[in-house]
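As C-alpha cells, the structure follows; a few thoughts come after it.
Whatever order the structure lists ligands and atoms in, that order sets their numbers, starting from 1. Keep in mind that this is a model prediction, so the values were computed, not measured.
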Amino acid sequence: MRATIEVSGLRKRFGPTVALDGMSFTVRPGRVTGFVGPNGAGKSTTMRVILGLDAADGGHALIGGRPYRALRSPLRHVGALLDAGALQPGRTARDHLLWLARSQGLPAGRVDEVLERVGLESAARRRAGGFSLGMRQRLGIAAALLGDPPVLLLDEPVNGLDPEGVVWMRGLLRSLAGEGRAVLVSSHLMGELEGTADHLVVVGRGRVIADTGVADLIAAASRDRVTLRTAARAAAASALERAGAAVAATGHDALVVSGLPSERVVAVLNADGVPFSEVAAHRVTLEQAYLDLTGDAVEYRGAAR
Ligand SMILES: Nc1ncnc2c1ncn2[C@@H]1O[C@H](COP(=O)(O)OP(=O)(O)OP(=O)(O)O)[C@@H](O)[C@H]1O
C-alpha cells in the first residue's frame with residue numbers, strides 16, 4: 001500500500017457553518033507534515049473525514065489510494081490519535097491494547113512491542129484510568145502503532161506532555177517518518193513543529209493557505225531581514241525607517257530590520273554616519289514565519305458562520 005493521504009476538494013457544513021471549503025493537500029511518505037491553522041480552521045474535521053468519522057458533503061479523502069471505509073483491517077493501514085481520553089478507565093494499558101488487537105485481528109505479540117516503543121512497559125499492568133495525560137498520549141500512540149501502519153494521523157500529540165515527553169515525541173515522530181511512513185501531525189505549537197516537521201500544510205477557513213517545506217517557509221520569511229548591532233540604536237532606527245525599513249528592537253544594542261537587503265542597511269548607516277558593530281542575516285522562527293503568513297489575514301481566522 002502507498003503511504004499517502006490524499007485530500008481533494010473536501011467540503012463540509014455544520015448547519016450554517018462552513019467547516020471545509022475545498023480542502024486539498026497530499027501527505028507524502030517519509031516525512032512529518034505539520035497541519036496548522038487557527039482555531040476553527042477545519043483541522044479536526046479534515047482528520048475526522050479522512051478517518052471516516054464524519055462524511056464530507058463533497059470531495060474525497062484517500063489513504064493509500066482508497067477511502068477509509070474500503071480498508072480491510074484499517075489499523076494495518078492507518079493509525080490515529082484523535083482523543084487520548086477515549087479509553088475504558090478500568091482496563092489496564094495492556095488489556096486495552098489486547099482488546100484492540102483482538103478486535104482487529106492483529107497478533108497479540110504486537111502489544112508488548114508497541115508498549116515498549118512508547119515507553120509504557122513498566123505501566124502496562126496499571127489501570128489506564130489512573131494515567132496522567134502524558135501517559136494517555138503514549139497509550140494512544142501505542143494503539144495507533146498496533147497495526148504497524150504506513151500512515152499516521154495525530155491530533156495535537158504533544159498536548160499535555162512535559163518537556164521530557166515533548167522531546168521523546170519529537171524523536172518518535174522523526175523515527176516514524178524515517179521508517180518511510182506518512183505522518184500528519186496537527187499542532188498549535190510552532191516551536192514544536194520547527195524541530196519536528198519537514199513540511200507544513202497551513203489552513204484557514206476550511207481551505208489550504210500554504211503547502212510548503214518548513215525550511216523554504218523560514219527562508220522566505222527571513223529574506224530581507226537582518227540583525228543589526230549598534231550602540232546608536234535610535235539614530236540607526238530613524239535612518240533605516242526613513243529608507244523604508246521596518247525596525248524592531250530585540251536587545252539593548254540590537255535591532256531587527258525588515259524590508260531592506262543587508263547591503264542597503266550598511267549603505268544607509270554609512271551615509272548617515274551611524275556606527276554599528278555587526279550586520280547579519282536574521283533567521284526567523286517558524287512561529288514568526290507562520291504569523292507573517294496568517295497574521296495580517298483576518299479572512300483566514302475562523303470559519304464563515
Ligand atoms: N460537530 C460539529 N457541529 C457543529 N459545528 C462543528 C462541528 N465540528 C466542527 N464544527 C465547526 O466547524 C469549524 C471547524 O472546526 P474544526 O474543529 O475542524 O477546526 P480546528 O481547525 O480543528 O480547530 P481547533 O484548532 O480549535 O481544534 C468550526 O467553526 C467548528 O465550530
Can you confirm, on distance only, whether ligand 1 has an N/O atom lying under 3.5 Å from any N/O atom belonging to G42? yes
Side chain to side chain contact (heavy atoms under 4.5 Å, CB included) partner of H282, the single match among T250, L228, T227: T227
Ligand 1 contact by H188, heavy-atom criterion under 4.0 angstrom: yes
Does at least one non-hydrogen atom of G37 fall below 4.0 angstrom from an atom of ligand 1? no
Do ligand 1 and F14 have nitrogen or oxygen atoms that lie under 3.5 Å from each other? no
With sequence neighbours excluded, residues passing side-chain hydrogen bond (donor to acceptor under 3.5 Å, both in side chains) with H60: none
Indicate the atoms forming the closest heavy-atom contact of W99 with R91, along with that distance. CD2-NH1, 3.4 Å
Pick, from V36, N39, V18, the option with the minimum heavy-atom distance to atom 26 (O) of ligand 1. N39
I'd like to know if the side chain of T230 pairs up with that of R233 as donor and acceptor (distance under 3.5 Å, no hydrogens or angles considered). no
Is the closest N or O pair between T46 and ligand 1 shorter than 3.5 Å? no
Spacing of Q137 atom CD and S132 atom OG [to the nearest 0.5 Å]: 9.5 Å
Test applied, side-chain hydrogen bond (donor to acceptor under 3.5 Å, both in side chains); reference residue, D198; option that passes from R174, R28, R31: R174
T45 to ligand 1: N or O pair under 3.5 Å? yes
